[in-house]
Trainee: 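This is the structure I want to talk about, given as structure tokens.
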Amino acid sequence: MNDVVDPASYTHLAISEHENGLYVVTLNRPDKRNALNVASIEELIRFFSGARQAGVRAVVLAGEGDHFCAGLDLIEHWKADRSPDEFMHVCLRWHEAFNKMEYGGVPVIAALKGAVVGGGLELASAAHVRVMDQTTYFALPEGQRGIFTGGGATIRVSDMIGKYRMIDMILTGRVYKGQEAVDLGLAQYITEGSSFDKAMELAGKVAQNLPLTNFAICSAVSHMNNMSGMDAAYAEAVVAGVVNTQPAARARLEAFANKTAARVRPDN
């Protein structure tokens, strides 16, 4: 077994393999509401750095217990009494982990429940798809804690809901939940039942896509959004030139031409 996907090599994450290259990565600190300590971030970096090369085709990211993730492990941070330089480098490792998720080319679907707070929301925002259940709530309480976001909220959360809504969340501690959270863009799906089951359904579907196609969708789109319009148009054409002519796509295109492939329907 590749070390990257070997469950025995992780302490703060639980890794499980399912069919068709689908893996479940579970934050495994339920007694801390899955708060992210330094070791957890290093394990996230390790997994997502090597996931594609290890044959992972889709990931469901979940949390053990009643909560997805309550953010930065504030107790560890308080006890460490870090210098500015030390904490800057902690933040850079967070960015490394979340960039590996967003730009790594493997679809990541977050199954959200309970607290998705502070750094937990920053983690969720690095996933490509977010599914919430009726217990899920979102908050950025850094303002009340006397701290500032350090894991990408100013980048990804503001991109999802807008700069001023994000600022309001940090300043006031405002909490979003339910359909309002979906309408704002904090999640794309909301379930009456298990968010994990819905995430697994979606992950199983996207795992059937061609890996190169998923790689383009889950890396190129984010890169293109960082470019000027002209550069993005050029990059899109180059990526389409590679992806749309891949040999593995020919059978799928032939099935479409022969009318044997499933058609898009309004109830799909």
Side-chain angles (χ1 to χ4, degrees), residues 1-30 34-65 68-69 73 89-90 92-112 119-120 122-131 151-152 195-223 239 242-243 246-249 251-252:
M1 175 180 289
N2 188 305
D3 286 346
V4 168
V5 295
D6 180 6
S9 66
Y10 293 88
T11 301
H12 300 292
L13 302 179
I15 311 293
S16 60
E17 180 182 4
H18 298 256
E19 60 184 9
N20 297 324
L22 168 59
Y23 281 77
V24 176
V25 176
T26 305
L27 305 175
N28 196 24
R29 305 183 74 215
N34 297 315
L36 296 170
N37 60 0
V38 167
S40 298
I41 291 295
E42 292 303 319
E43 290 189 4
L44 286 168
I45 292 172
R46 179 165 169 258
F47 181 86
F48 285 105
S49 293
R52 186 180 63 84
Q53 294 87 339
V56 178
R57 298 187 67 156
V59 173
V60 169
L61 181 67
E64 185 65 35
F68 175 71
C69 179
D73 187 332
H89 283 90
V90 168
L92 288 173
R93 296 303 282 171
W94 279 53
H95 285 292
E96 180 75 9
F98 299 167
N99 286 339
K100 293 295 184 185
M101 290 172 56
E102 180 181 357
Y103 294 92
V106 174
V108 181
I109 300 175
L112 307 178
E122 291 175 314
L123 171 64
S125 71
H128 303 101
V129 179
R130 289 166 298 282
V131 182
S195 59
F196 180 79
D197 290 347
K198 180 63 175 179
M200 289 293 287
E201 174 194 330
L202 293 170
K205 183 176 182 179
V206 302
Q208 296 177 49
N209 295 343
L210 295 177
L212 181 59
T213 300
N214 277 345
F215 178 80
I217 296 167
C218 296
S219 62
V221 173
S222 289
H223 280 294
V239 172
V242 174
V243 174
Q246 60 179 308
R252 298 188 181 208

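None of these values were measured; they are calculated from a predicted model.
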Trainee: When you measure from the side chain of D3 to the backbone N and O of S9, does any donor-acceptor pair fall under 3.5 Å?
Mentor: no
Trainee: Just how far is it from atom CG of L210 to atom CZ of R57, taken to the nearest 0.5 Å?
Mentor: 7.0 Å
Trainee: Starting at NE2 of H128, measure out to OG of S219 and round the result to the nearest 0.5 Å.
Mentor: 8.0 Å
Trainee: Do N34 and R29 come close enough that some side-chain heavy atom pair is under 4.5 Å?
Mentor: yes
Trainee: Taking the side chain as every heavy atom from C-beta outward, state whether K100 and L44 have any pair of such atoms under 4.5 Å apart.
Mentor: no
Trainee: Cut-off 3.5 Å, side chains only: do Q246 and T213 have a donor facing an acceptor?
Mentor: yes
Trainee: Partners of H223 by ring pair (Phe, Tyr, Trp, His ring centres under 6.0 Å), sequence neighbours excluded?
Mentor: Y103
Trainee: Looking at CD of E64 and CG of L13, how far apart are the two atoms once the value is rounded to the nearest 0.5 Å?
Mentor: 12.0 Å
Trainee: My understanding is that only residues two or more places apart in sequence, or in another chain, count here; which of them pass ring pair (Phe, Tyr, Trp, His ring centres under 6.0 Å) with F98?
Mentor: W94
Trainee: Show, in sequence, the C-alpha distance, side-chain angles and deciding distance for E96 and R93, and conclude whether the salt bridge (charged side-chain N to carboxylate O under 4.0 Å, His left out) test is met.
Mentor: CA-CA 5 Å; E96 180 75 9; R93 296 303 282 171; 5.0 Å; no
Trainee: Does V90 reach the side chain of I41, with side-chain heavy atoms less than 4.5 Å apart?
Mentor: no
Trainee: In Å, rounded to the nearest 0.5 Å, how long is the span from CZ of R130 to OG of S195?
Mentor: 13.0 Å
Trainee: Working to the nearest 0.5 Å, report the span between CZ of F48 and CG of L61.
Mentor: 5.5 Å
Trainee: Hey, are the side chains of V4 and Q53 touching, using non-hydrogen atoms and a 4.5 Å cut-off?
Mentor: no
